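For the numbers below, each heavy atom of this structure counts, side chains included, while hydrogens, waters and symmetry mates do not. What you see is a predicted model; the values in this text were computed from it and never measured. Letters A, B, ... mirror the listed sequences (proteins, then strands); counts begin at 1.
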Amino acid sequence: MHWSKLFIPTLREAPAEAEVVSHQLLVRAGYIRQLSAGIYSYLFLAQRSLLKIMQIVREEMDAIGAQEMLLPALHPAELWQESGRWTVMGDNMFRLKDRFGRDLCLGMTHEEVMTSIARGELRSYKQLPQIWYQIQNKFRDEPRPKSGLLRVRQFLMKDSYSFDLDAEGLDDSYQKHHQAYRRIFDRCGLNYLVVEAHSGAMGGSQSHEFMVASDAGEDFVVQCGSCGYSANLEKAVSQPRAPELADPEGDLTPEPFHTPGRKTIAEVAEFTGLPETCQMKSLVMVADGHPVLALLRGDHQLSETKFAAAMGASEIRPAHPEEMRRWLGADAGSLGPVGASKLRIIADEALNGRRNMIAGANRDDYHLRHVTPGEDFVAEFHDLRQAVAGDGCINCGAPLELRKTIEIGHIFKLGYKYAESMGLRVLNAAGEEVPVIMGSYGIGIERILSAAVEQRHDADGMALPVAIAPFVVVVTPVNSAEAAQRRAAEEIYQACRALGLDALLDDRDERPGVKFKDADLIGIPFRVTVGKKLAQGKVELVERHGKASADVPVADAATEVKKRAAM
RNA sequence: CGGGGCGUAGCGCAGCCUGGUAGCGCACCUGCCUUGGGCGCAGGGGGUCGGGCGUUCAAAUCGCCCCGCCCCGACCA
C-alpha cells in the first residue's frame with residue numbers, strides 16, 4: 001500500500017494521560033484512539049495487527065479441532081440468573097433494559113450462552129467431545145480501566161469451551177488448549193511463562209495463566225529459577241524463611257505485659273526488642289457473615305484468596321472496629337487468639353510447631369508472651385500467607401523470585417458447575433443421564449499486541465515481531481524528488497508484494513528524517529532504504545529490532561526480506 | 001467507592017494567584033527552499049478556555065454545583 005494514501009496519524013508527543021509505554025506508543029504511532037475511559041477505537045494499523053493475531057489464534061484453535069462460532073454480545077438476564085452469576089458479577093456487568101423493561105446484559109464471558117446451546121442440542125456421549133470457540137467483544141465495567149489497552153471495558157477475547165464426558169476427556173481438552181496456547185504465543189513472538197492460577201469467579205479445579213513479564217502488568221507471579229515452579233502470587237505456595245530467633249523452650253504459661261500505645265507488629269517488635277517473626281499477627285475477618293480470627297507470623301501477609309478458599313467463602317472482608325471489640329473485647333493492635341471463644345480460629349502453617357510466641361492479649365495496650373498454638377488455643381492450620389520473594393520453593397527449596405506480569409491467556413477446568421446449574425446432561429454408554437464436564441479458555445487479543453509492544457520497543461518506538469506487525473516491510477525512497485529512487489522503490493515494493501509480503505511504500509513527499517522516524521515509530525520489522533547507493537545498484541535493508549543494516553543489490557532486496565522475515 | 005491530579009486549537013503546554021483584546025511549540029494550509037534521521041524562510045486557517053449557575057461594568061481567571069480523563073487504593077475474569 002502507498003503510505004501517502006493511508007490514514008496513519010502519528011504524533012510527536014504522547015498524550016499526557018498515557019503512562020505505560022504500550023499506551024503511549026500505540027497512540028503516538030496512530031494505532032488507537034481513546035473514545036472514553038477504557039474504550040478504544042482501533043485504527044488502520046491496530047486493526048491489521050489484530051487481524052493477524054486473530055488469524056494465528058484461529059489456525060491454532062482449528063488445529064486442535066475447535067470449531068469457530070459467533071455468539072451474541074447481548075444476553076437475557078434469565079440465562080445469568082440460572083447460573084447464579086447475575087448477582088455474582090455485581091457491578092462488573094453492564095446491564096440494560098429493553099423497551100418492555102426486560103433485563104439484559106452485555107456478555108462478560110460466554111459460559112452461560114455456550115452451555116445453553118449445548119444443553120439444547122447435546123444428547124449423547126457419542127457427540128462428545130466438543131470444543132467450541134469464538135473471537136468476540138467482551139464487556140466488563142471495570143472499576144478502574146487503565147494502562148491503554150491493558151485494562152479496558154470492551155475488548156476482544158478468544159474464548160473457547162470444551163464439553164467432555166468425563167475428567168479424563170477434560171484433561172485431554174485442557175492439554176490441547178495448553179499446547180495450542182503455547183503455539184499461539186510462540187508464533188506471536190512473545191516471551192511468556194505459564195503459571196498455576198486460582199480459578200476465581202469462574203469456579204473449577206485447575207487453572208493456568210499465560211503471562212508476559214512486564215512492569216506494566218498488574219499480576220504478580222512467583223517463579224523458581226531452579227526447578228521452574230511458577231504460580232500466580234494469589235495461589236503460590238512457598239517455604240517460609242526460618243524465624244529470625246529460636247522460640248523459648250518449655251511449657252510456659254501465657255503472661256500479659258503492658259505495651260502502651262504499641263499497636264503494629266513493628267511497634268511491638270521495637271518495644272520488646274524481639275524480631276517480628278516472634279509475633280502472631282491476628283486479623284479479624286468476616287467470611288460469608290461468620291467471624292474468623294486469622295493468625296499469621298508477624299512478618300507475613302494474609303492472602304485473601306487463600307483465606308477465602310480455606311473458608312470456602314465467597315465473600316470475605318475485614319471486621320469493623322466495633323465487631324472486633326464485641327467479639328474480642330479490645331481494639332485492633334491488641335487482639336490475639338487466647339480466650340477468643342466467639343470466633344473460629346485458623347492459623348497459617350508457618351505457626352504450626354511454634355512455641356511461646358507474642359500475641360495480643362485482647363485487652364487494650366496489653367500483649368501476651370509465651371503463647372503456644374495447640375496448648376493455649378486451638379486452631380485449624382491452613383496455608384494462608386502470601387509468598388514473598390526469597391521464600392523457598394515448595395518443590396526444591398531454591399529462593400523464589402517475584403515478577404510483575406501481564407495476563408494474556410487463562411485456561412480453566414470448570415468441572416460440572418455450569419452443567420449442573422444449567423442442566424446440561426447426556427446419556428452415557430450405559431444409558432444413564434450424566435452431566436457434561438466443561439472447560440473454558442480465554443485469550444486477550446489486544447493484550448497480545450500491548451504485551452508485544454511492552455516487550456519490544458526502544459526510544460524510537462515499537463519493534464513488533466514479524467508475525468503481528470501491520471506490515472512486514474516498508475520501502476523508503478530517501479529523496480522523493482529523484483525519479484530513479486522513486487522508480488526503484490516502486491519496483492522493490494512490487495517485488496515484495498509478488499513474494500506475498502505485506503509491504504508498504506513510503507511515497508510521501510517528506511524529508512527522509514520524517515519517514516525514518518515514522519517507520520521506526522510504527523514498528524515495521526524491515527525497511528528497505530532506497531538512497532544514494534542506488535547509483536551502485538545497492539539499497540539498504542534495515543531490521544527494526546536491533547537496527548542492524550546491510551547493503552543488498554536492488555534485485556535481491558525483496559527475496560532478502562522474505563528470507564529474513566521467515567526466520 | 002475513598003485519596004490525589006488534570007481539563008485552554010489535533011498533540012504538548014503557558015496564561016488563572018493579582019478579573020480587562022486568548023498565547024507559545026509541534027501538527028495543518030499556501031508559496032519558496034531543502035532532501036540520509038521530525039530542515040529552513042514567509043504568509044495563513046483553526047478556540048462553546050469541559051458544562052451550568054452565580055458574583056462583577058467586565059470571568060479562561062473569583063465562588064458554588066455538575067461532567068469527563070488520569071494516577072494511587074479498594075475491587076477484579
Side-chain angles (χ1 to χ4, degrees), chain A residues 7 9-20 23-24 27-30 33-40 85 88-93 107-112 138-148 150-153 155 157-159 197-204 207-210 216 218-219 232 234 304-305 308 315-318 407-412 414 440-444 447 459-461 476-483 485-486 506 508-522 527-535 539-540 542 547 549 551:
Chain A
F7 179 59
T10 59
L11 303 173
R12 288 192 189 216
E13 289 166 298
E17 66 269 14
E19 290 238 329
V20 303
H23 187 196
Q24 292 175 345
V27 173
R28 276 194 61 206
R33 288 294 183 260
Q34 182 176 33
L35 184 62
S36 182
I39 307 178
Y40 286 85
R85 294 207 293 183
V88 170
M89 290 307 191
D91 288 339
N92 264 27
M93 179 180 265
M108 317 175 60
T109 174
H110 281 74
E111 280 79 9
E112 281 80 359
K138 296 288 185 276
F139 298 87
R140 298 183 184 182
D141 195 357
E142 288 290 335
R144 188 148 87 81
K146 57 184 288 201
S147 306
L150 285 175
R151 188 166 203 74
V152 290
R153 298 197 292 172
F155 61 97
M157 181 189 268
K158 185 289 299 176
D159 49 319
H198 93 108
S199 308
M202 304 298 288
S207 160
H208 286 87
E209 288 168 327
F210 294 75
E218 302 184 88
D219 286 290
N232 194 304
E234 293 175 331
E304 298 201 351
T305 308
E315 216 174 287
I316 59 163
R317 63 169 173 88
E407 179 188 348
I408 53 174
H410 201 158
I411 58 179
F412 297 91
L414 291 175
S440 98
Y441 317 85
I443 289 179
R447 279 189 179 179
D460 290 318
T476 307
V478 170
N479 184 348
S480 44
E482 293 207 16
Q485 287 186 16
R486 282 205 314 269
D506 194 350
R508 295 175 298 168
D509 185 17
E510 291 285 355
R511 293 179 57 83
V514 173
K515 298 188 198 181
F516 295 154
K517 287 287 185 192
D518 274 344
D520 287 351
L521 180 60
I522 69 177
R527 186 179 78 218
V528 176
T529 306
V530 182
K532 283 183 278 204
K533 295 169 187 161
L534 184 63
V539 292
E540 272 169 42
V542 185
K547 300 275 182 75
S549 169
D551 291 345

Point to revise | Under 3.5 Å donor-acceptor pair, A:R28 side-chain atoms to B:G38 base atoms | key: yes
Exercise for review: Go through the N and O atoms of the side chain of A:Q34 and the base of B:G68, and report whether any donor-acceptor pair is under 3.5 Å.
Suggested key: no
Practice item. Might you work through the side chain to side chain contact (heavy atoms under 4.5 Å, CB included) test for A:R447 and A:F155, ending with a clear yes or no? Key: CA-CA 9 Å; A:R447 279 189 179 179; A:F155 61 97; over 6 Å; no
With heavy atoms under 4.0 Å as the rule, sort [X] into base, sugar-phosphate or nothing.
X: A:Y441; value: nothing
X: A:P143; value: base
X: A:P145; value: sugar-phosphate
X: A:T476; value: nothing
X: A:E13; value: base
X: A:R447; value: base
X: A:Q24; value: nothing
X: A:A14; value: sugar-phosphate

Point to revise | Distance-only polar pair, side chains of A:H23 and A:K146, donor-acceptor under 3.5 Å | key: no
My understanding is that a pair needs two contacts under 3.5 Å, Watson-Crick or G-U wobble. By that rule, which nucleotide pairs with [N]?
N: B:G54; answer: B:C62
N: B:C1; answer: B:G73
N: B:A14; answer: none
N: B:C6; answer: B:G68

Practice item. List the steps, then state whether side chain to side chain contact (heavy atoms under 4.5 Å, CB included) holds for A:D141 with A:D91. Key: CA-CA 7 Å; A:D141 195 357; A:D91 288 339; 6.0 Å; no
Check your understanding: Counting only N and O atoms by type, is there a donor-acceptor contact under 3.5 Å from the side chain of A:Q34 to the main-chain atoms of A:S36?
Key -> yes
When rounded to the nearest 0.5 angstrom, what is the spacing between [atom1] in [X] and [atom2] in [Y]?
X: A:N232; Y: A:E407; atom1: CG; atom2: CD; answer: 8.0 Å
X: A:T529; Y: A:D506; atom1: OG1; atom2: CG; answer: 10.0 Å
X: A:T10; Y: A:R28; atom1: OG1; atom2: CZ; answer: 8.0 Å

Between atom [atom1] in [X] and atom [atom2] in [N], what is the gap in whole Å?
X: A:R317; N: B:G73; atom1: CZ; atom2: C1'; answer: 19 Å
X: A:R508; N: B:G38; atom1: CZ; atom2: C1'; answer: 11 Å
X: A:I522; N: B:G38; atom1: CD1; atom2: C1'; answer: 15 Å
X: A:R12; N: B:C13; atom1: CZ; atom2: C1'; answer: 16 Å
X: A:N92; N: B:C75; atom1: CG; atom2: P; answer: 13 Å

Check your understanding: When the nearest nucleotide of RNA chain B is assigned to A:E142 and to A:H23 on a heavy-atom basis, which residue is associated with the more 5' position?
Key -> A:H23
Check your understanding: Between A:V20 and A:V152, which has a closest nucleotide on RNA chain B that is more 5'?
Key -> A:V20
Point to revise | nucleotides 30-37 of chain B: protein proximity per nucleotide (B base, S sugar-phosphate only, - neither; heavy atom, under 4.0 Å) | key: ----BBBB
**Study point:** Side-chain heavy-atom pair A:M93, A:F139 within 4.5 angstrom cut-off
**Key:** no
How far does the [atom1] atom of [N] sit from the matching atom of [M], given to the nearest Å?
N: B:A60; M: B:G50; atom1: C1'; answer: 12 Å
N: B:C69; M: B:A27; atom1: P; answer: 30 Å
N: B:U35; M: B:G40; atom1: C1'; answer: 12 Å
N: B:C72; M: B:G47; atom1: P; answer: 36 Å
N: B:C62; M: B:G19; atom1: P; answer: 9 Å
N: B:A59; M: B:C53; atom1: C1'; answer: 13 Å
N: B:U8; M: B:U48; atom1: C1'; answer: 12 Å
N: B:G3; M: B:C65; atom1: P; answer: 14 Å

Exercise for review: Among B:G12, B:C71, B:C69, find the nucleotide with the atom closest to the side chain of A:K146.
Suggested key: B:C71
Study note, to complete from the structure: Out of B:C72, B:A27, B:C13, minimum distance to the side chain of A:A16 belongs to B:C13
Review point. Going through the distances and angles, do A:R508 and A:S480 end up as a side chain to side chain contact (heavy atoms under 4.5 Å, CB included)?
Key: CA-CA 8 Å; A:R508 295 175 298 168; A:S480 44; over 6 Å; no
Review point. Looking at A:R144, does any N or O in its side chain come under 4.0 Å of the phosphate oxygens OP1/OP2 on B:C72?
Key: yes
Distances for protein N/O vs nucleotides 43-50 of chain B N/O pairs under 3.5 angstrom?
none

Check your understanding: Taking it one step at a time, do A:D518 and A:I522 satisfy side chain to side chain contact (heavy atoms under 4.5 Å, CB included)?
Key -> CA-CA 6 Å; A:D518 274 344; A:I522 69 177; 5.6 Å; no
Point to revise | With sequence neighbours excluded, residues passing ring pair (Phe, Tyr, Trp, His ring centres under 6.0 Å) with A:F210 | key: A:H178, A:Y181, A:F185
Check your understanding: Could A:R527 and A:D520 be called an ion pair, given the rule that one side-chain N must be under 4.0 Å from one carboxylate O?
Key -> yes
